[in-house]
Student: 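The following block contains the structure, expressed as structure tokens.
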Amino acid sequence: MPPYEPPFNITDPKTAQEHFNVAVNHDHHNELDKAIAEYQKALELQPDWAVAHDRLALDYQKQGRTDDAIAEWEQATRYNPQFYSAFDLLAGAYERQGKIKKAIEAYSALLKYPPAQMPAHYQLGLWYAQIGDRQQAQSHLEIYRELALKTSDEPKSDRYQKALRELQKLKQQG
């Protein structure tokens, strides 16, 4: 038996919050077009609402509308510069488009967020290596390695081993 879901009773949304709530309800029922329309109405009433921009971006991404998703994540991060998950998703969208420099720019915001610093240095190191900036790649991967060694599990991870191989390759190229 599925979990009990209370009845949803907003039938004539008027406020940004009500439109947002209706959009979330549509998301729960996988009605993306309806959800998108409601998020857009919420943002017409409250354009600086970072969470609504993020939710709209997620729905655009589900529809394969990456450019629209990127535009919304850019808005979310502009209105809330500490919206770290939006920076992460924005960077991933740029990476999927092959725009590695833009991905680096977005992902660098995660360096300000202590729980994300270690994986951020790792990913930035790989991306800098990908675009041929050996100095930045090596710097980020070394910082990642130092942070990883302060933990008990990370040095045992595949990610750590990959970082060490990449560092070795970078040093041989230097």
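Computed from a prediction, not measured in an experiment: that's the story for all the values here. In this chain, residues are counted from 1 in sequence order.
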Student: Nearest heavy-atom pair of P13 and E38: which atoms, and what distance?
Tutor: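 Between these two residues, the closest heavy atoms are CG-OE1, 4.0 Å.
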Student: Is any side-chain heavy atom of Y122 closer than 4.5 Å to a side-chain heavy atom of L126?
Tutor: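 Yes. Closest side-chain heavy atoms under 4.5 Å.
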Student: Between Y113 and M118, is there shared hydrophobic-cluster membership here, with clusters defined by ILVMFWY side-chain heavy atoms closer than 4.5 Å?
Tutor: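 Different hydrophobic clusters.
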Student: Suppose the criterion is salt bridge (Lys or Arg N to Asp or Glu O under 4.0 Å): which pairs have a residue in residues 87-101, not counting sequence neighbours?
Tutor: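 Pairs touching residues 87-101 that pass the test: none.
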Student: Rounded to the nearest 0.5 Å, how far apart are OH of Y144 and CG of L167?
Tutor: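 The CG atom of L167 is 10.0 Å from OH of Y144, to the nearest 0.5 Å.
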Student: For atom NZ of K162, decide whether the heavy atoms of other residues, nucleotides or ligands shown that lie under 6.0 angstrom number more than 12.
Tutor: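 Check fails, neighbour count at 12 or below.
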Student: Quick check: closest heavy atoms across L110 and A116, and the distance to 0.1 Å?
Tutor: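 Heavy-atom minimum between the residues: O-CB, 3.9 Å.
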Student: Which atom pair, heavy atoms only, marks the closest approach of A57 to E72?
Tutor: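 Heavy atoms only, the tightest pair is CB-CB, 3.6 Å.
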Student: Can you check whether Y60 reaches I70 side chain to side chain, under 4.5 Å on heavy atoms?
Tutor: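 The answer is no, as the side chains (C-beta and beyond) never meet within the 4.5 Å cut-off.
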Student: Main chain of E154, side chain of S157: is a donor-acceptor contact present, judged purely on distance under 3.5 Å?
Tutor: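 Between the backbone of E154 and the side chain of S157 there is a qualifying donor-acceptor contact (under 3.5 Å).
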Student: Using a 4.5 Å cut-off on heavy atoms from C-beta on, say whether the side chain of Q46 contacts that of T15.
Tutor: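 Side-chain contact under 4.5 Å: no.
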Student: Which pair of heavy atoms, one from D12 and one from E18, lies closest together, and at what distance?
Tutor: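 Looking at all heavy atoms of both residues, the closest pair is O-OE1, 4.2 Å.
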Student: Measure the spacing between OH of Y94 and CH2 of W73 and express it to the nearest 0.5 Å.
Tutor: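 Reported value, rounded in 0.5 Å steps: 11.0 Å.
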Student: For L45 and K14, which heavy atoms make the closest approach, and how far apart are they?
Tutor: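 For L45 and K14, the tightest heavy-atom pair comes out as CD1-O, 3.4 Å.
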Student: Any side-chain heavy atom of D27 sitting closer than 4.5 Å to one from N25?
Tutor: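 No; the side chains remain at least 4.5 Å from each other.
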Student: CG/D68 to CD/Q61 distance, rounded to the nearest 0.5 angstrom?
Tutor: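 Going from CG on D68 over to CD on Q61, the span is 10.0 Å.
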Student: Below 4.0 angstrom, N of the basic side chain to O of the carboxylate: do E142 and K171 qualify?
Tutor: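 Counted as a salt bridge, because a side-chain N and a carboxylate O are separated by less than 4.0 Å.
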Student: With heavy-atom distances below 4.5 Å as the criterion, would you say the side chains of Q136 and I131 are in contact?
Tutor: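 They are not in side-chain contact.
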Student: side-chain contact (heavy atoms from CB on, under 4.5 Å), that's the test. Do V24 and Y39 meet it? Break it down for me.
Tutor: CA-CA 9 Å; V24 170; Y39 287 128; 3.6 Å; yes
Student: Nearest 0.5 angstrom please: Q117 CD to K112 NZ, how far?
Tutor: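 Reported value, rounded in 0.5 Å steps: 11.5 Å.
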Student: Does one side chain, of D59 or Q63, offer a donor that lies under 3.5 Å from an acceptor on the other?
Tutor: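 Absent: no donor and acceptor within the cut-off.
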Student: Can you find a pair of side-chain heavy atoms, one from F83 and one from V51, that are under 4.5 Å apart?
Tutor: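 Heavy-atom side-chain distance check passes, below 4.5 Å.
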Student: Test of understanding: clusters of I, L, V, M, F, W, Y form through side-chain heavy atoms closer than 4.5 Å, transitively. Do I104 and L111 belong to the same one?
Tutor: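 Linked, I104 and L111 end up in one cluster.
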Student: Should I36 and R65 count as side-chain neighbours, where that means a heavy-atom distance under 4.5 Å?
Tutor: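 Side chain of I36 against side chain of R65, heavy atoms only: contact under 4.5 Å found.
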Student: Measure the CD-CG distance between E166 and L141 for me, rounded to the nearest 0.5 Å.
Tutor: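 CG of L141 is found 6.5 Å from CD of E166.
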Student: Using salt bridge (Lys or Arg N to Asp or Glu O under 4.0 Å) as the criterion, list what pairs up with K102, not counting sequence neighbours.
Tutor: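 Once residues adjacent in sequence are excluded, K102 has no partner under the salt bridge (Lys or Arg N to Asp or Glu O under 4.0 Å) criterion.
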Student: With sequence neighbours excluded, tell me which residues meet side chain to side chain contact (heavy atoms under 4.5 Å, CB included) with A52.
Tutor: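 If we apply the side chain to side chain contact (heavy atoms under 4.5 Å, CB included) test to A52, skipping adjacent residues, the hits are F20, L43, W49.
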Student: Would you say L170 ends up clustered with Y160 if hydrophobic residues are merged whenever their side chains have heavy atoms under 4.5 Å apart, either directly or through other cluster members?
Tutor: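 Linked within one cluster.
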Student: Same cluster for L32 and L56 if Ile/Leu/Val/Met/Phe/Trp/Tyr side chains link at under 4.5 Å?
Tutor: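 Different clusters.
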Student: So does P119 get a backbone contact from the side chain of Q123, meaning a donor-acceptor N/O pair under 3.5 Å?
Tutor: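 No, Q123 side chain to P119 backbone: no donor-acceptor pair under 3.5 Å.
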Student: Kindly compute the distance separating CZ (F87) from CD (E74), expressed to the nearest 0.5 Å.
Tutor: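 Going from CZ on F87 over to CD on E74, the span is 10.0 Å.
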Student: Please give me the minimum heavy-atom distance between A109 and Y84, naming the atom from each residue.
Tutor: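 Taking every non-hydrogen atom into account, O-CE2, 3.4 Å.
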Student: Less than 4.0 angstrom from a charged side-chain N to a carboxylate O is my criterion; do K41 and E44 meet it?
Tutor: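 So K41 does not pair with E44 through a salt bridge.
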Student: Start with the C-alpha distance between Q75 and R78, add both sets of side-chain angles, then the distance that settles side-chain hydrogen bond (donor to acceptor under 3.5 Å, both in side chains), and finish with yes or no.
Tutor: CA-CA 5 Å; Q75 292 287 358; R78 187 175 64 126; 2.7 Å; yes
